[in-house]
Asks: 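Right, I'll just put the structure down here and ask away after.
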Amino acid sequence: MNDRITSIVIHGIVLLIAFPVHECSHALAAHWMGDDTAKDQGRMTLNPLKHLDLFGTIFMLVGGFGWAKAVPINPNNFKNRKVGMALSSLAGPVSNLIMAYISIILCKIFAYSVFFDPVEPHPYIGALTTFFMYAVFLNVGLAVFNLLPVPPLDGSRIFNLILPEKLYFKIMRYENIIFGLLFLAVFMGFLDKPISYLQDTAVIIMDSISRWVDWLMILLV
């Protein structure tokens, strides 16, 4: 029971960081490309209260997937609507992958730091290692889920780059229905294996490109 409560608390803290950074990245990318819709609505901020969706956050805590409030973007403000939408959408998942990479570096540093004082390690070392381990998997999970090419996820707007614009907007008319089917598929567990595979693969890649931390810490130990 205590482990479950601890897990929920850690998830909650990570979400208070991951969701705002994800959504703010959308707003910031759109702003850089000429669309200030999100900025004008106060969404270009790291304040979690501006971004968290009640039900999306609850589902993320208890079900492993969820969503935040979508950042409003007006593609008509971009020089190239398809490219602008794709890049502003890509910014969110990329921010999660960057946070995951930073987290795996910190996780390794704290894990190895136990060897510097094996007799009496600092009591917070284990907690920090666990926190950043959760941060790795949660951020990777958010990135992988959002990159699925299914409306209204970010991946659908990136996928738009290779779809005829008319076909894309026809598909987007059924966005709510498609999202409902996606929600049902996740709830029924139909996507567990492919999402887990993609998540595990991404974590393995993160581990591989952070091997320099292992080598450095071994030298220091």
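Note that the numbering runs from 1 along the sequence shown for the chain.
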Asks: Do W212 and M206 belong together in a cluster built from hydrophobic side chains that touch within less than 4.5 Å?
Replies: yes
Asks: Between Y101 (side chain only) and I209 (backbone N and O only), is there a donor and an acceptor less than 3.5 Å apart?
Replies: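 Indeed, once roles are kept as given, a pair shorter than 3.5 Å links the two residues.
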Asks: What are the two closest non-hydrogen atoms of V136 and A100, and how far apart are they?
Replies: CG2-O, 3.7 Å
Asks: Step by step, work out the side chain to side chain contact (heavy atoms under 4.5 Å, CB included) result for L52 and K69.
Replies: CA-CA 6 Å; L52 294 183; K69 293 178 183 176; over 6 Å; no
Asks: How long is the straight-line distance from SG of C24 back to CZ of R43, given to the nearest 0.5 Å?
Replies: 9.5 Å
Asks: For the hydrophobic clusters of this structure (ILVMFWY residues joined by side-chain heavy atoms under 4.5 Å, transitively), does one cluster hold both W215 and L220?
Replies: yes
Asks: Decide yes or no on side chain to side chain contact (heavy atoms under 4.5 Å, CB included) for Y112 and I218, but give the supporting numbers first.
Replies: CA-CA 8 Å; Y112 277 108; I218 289 172; 4.2 Å; yes
Asks: Is the count of non-hydrogen atoms from other residues, nucleotides or ligands lying under 6.0 Å from K50 atom NZ greater than 12?
Replies: no
Asks: Going through the checks in order, is the side chain to side chain contact (heavy atoms under 4.5 Å, CB included) test met by I158 and S89?
Replies: CA-CA 7 Å; I158 299 168; S89 297; 4.3 Å; yes
Asks: Flag the pair P48 / F19 as yes when at least one side-chain heavy-atom distance between them is below 4.5 Å, and no otherwise.
Replies: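 SC-SC contact between P48 and F19 ruled out.
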Asks: Restricting to non-hydrogen atoms, name the atom on A18 and the atom on L142 that form the minimum distance, rounded to 0.1 Å.
Replies: CB-CD1, 3.7 Å
Asks: Grouping I, L, V, M, F, W and Y whenever their side-chain heavy atoms are under 4.5 Å apart, do I177 and V150 come out in a common cluster?
Replies: yes
Asks: In the single-linkage hydrophobic clustering (I, L, V, M, F, W, Y; side-chain heavy atoms under 4.5 Å), do I162 and L148 co-cluster?
Replies: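 Yes: a chain of side-chain contacts under 4.5 Å links I162 to L148.
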Asks: For the residue pair P93 and H26, establish whether any side-chain heavy-atom pair is separated by less than 4.5 Å.
Replies: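 Yes; the side chains approach each other to less than 4.5 Å.
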Asks: Just by distance, do the side chain of D35 and the backbone of A30 share a donor-acceptor pair under 3.5 Å?
Replies: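 Side chain of D35 to backbone of A30: no pair is present.
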Asks: Considering non-hydrogen atoms only, spot the tightest contact between V140 and A202 and give its length.
Replies: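 That closest heavy-atom pairing would be CG1-CB, 3.6 Å.
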Asks: Hydrophobic clusters join Ile, Leu, Val, Met, Phe, Trp and Tyr when side-chain heavy atoms are under 4.5 Å apart, directly or via other members; which others share one with M33?
Replies: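 Noted: M33 shares its cluster with V71, I73, F78, V83, M85, L87, L161.
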Asks: Rounded to the nearest 0.5 Å, what separation is found between the CG atom of D154 and the CZ atom of F145?
Replies: 10.5 Å
Asks: Taking only residues two or more places apart in sequence or in another chain, which ones pass side-chain contact (heavy atoms from CB on, under 4.5 Å) with I10?
Replies: T6, V14, T130, F131, Y134
Asks: Going from OG1 on T201 to CD on Q199, what distance comes out if it is rounded to the nearest 0.5 angstrom?
Replies: 10.0 Å
Asks: Should F132 and I98 be counted in the same cluster of Ile, Leu, Val, Met, Phe, Trp and Tyr side chains packed under 4.5 Å apart?
Replies: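 Cluster IDs for F132 and I98 match.
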Asks: Using the rule side chain to side chain contact (heavy atoms under 4.5 Å, CB included), only one of I104, I109, L106, D207 pairs with V213; which is it?
Replies: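 Result: among I104, I109, L106, D207, I109 is the only option passing the side chain to side chain contact (heavy atoms under 4.5 Å, CB included) with V213.
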Asks: First locate atom NE2 of H22, then atom CG of N146, and finally report the distance between them rounded to the nearest 0.5 Å.
Replies: 4.0 Å
Asks: If only atom types and distance count, is the side chain of S156 paired as donor or acceptor with the main-chain N or O of P152 below 3.5 Å?
Replies: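 No, S156 side chain to P152 backbone: no donor-acceptor pair under 3.5 Å.
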Asks: Keeping the roles fixed (side chain from T45, backbone from G42), state whether a donor-acceptor pair exists under 3.5 Å.
Replies: no
Asks: Under the criterion side chain to side chain contact (heavy atoms under 4.5 Å, CB included), I'd like the reasoning laid out for L191 against L182: C-alpha separation, chi angles, the key distance, then a yes or no.
Replies: CA-CA 9 Å; L191 297 179; L182 174 65; 3.5 Å; yes
Asks: Quick one: CG on D40 to NE2 on H31, what's the gap to the nearest 0.5 Å?
Replies: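 It is 10.0 Å, given to the nearest 0.5 Å.
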Asks: Considering non-hydrogen atoms only, spot the tightest contact between F110 and I125 and give its length.
Replies: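 Closest approach of F110 to I125: O-CG2, 3.2 Å.
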Asks: For the NE2 atom of H51 and the CD atom of E23, what is their distance to the nearest 0.5 Å?
Replies: 7.0 Å
Asks: Using a 3.5 Å distance criterion without hydrogens, assess whether the side chain of S196 forms a donor-acceptor pair with backbone atoms of K193.
Replies: no
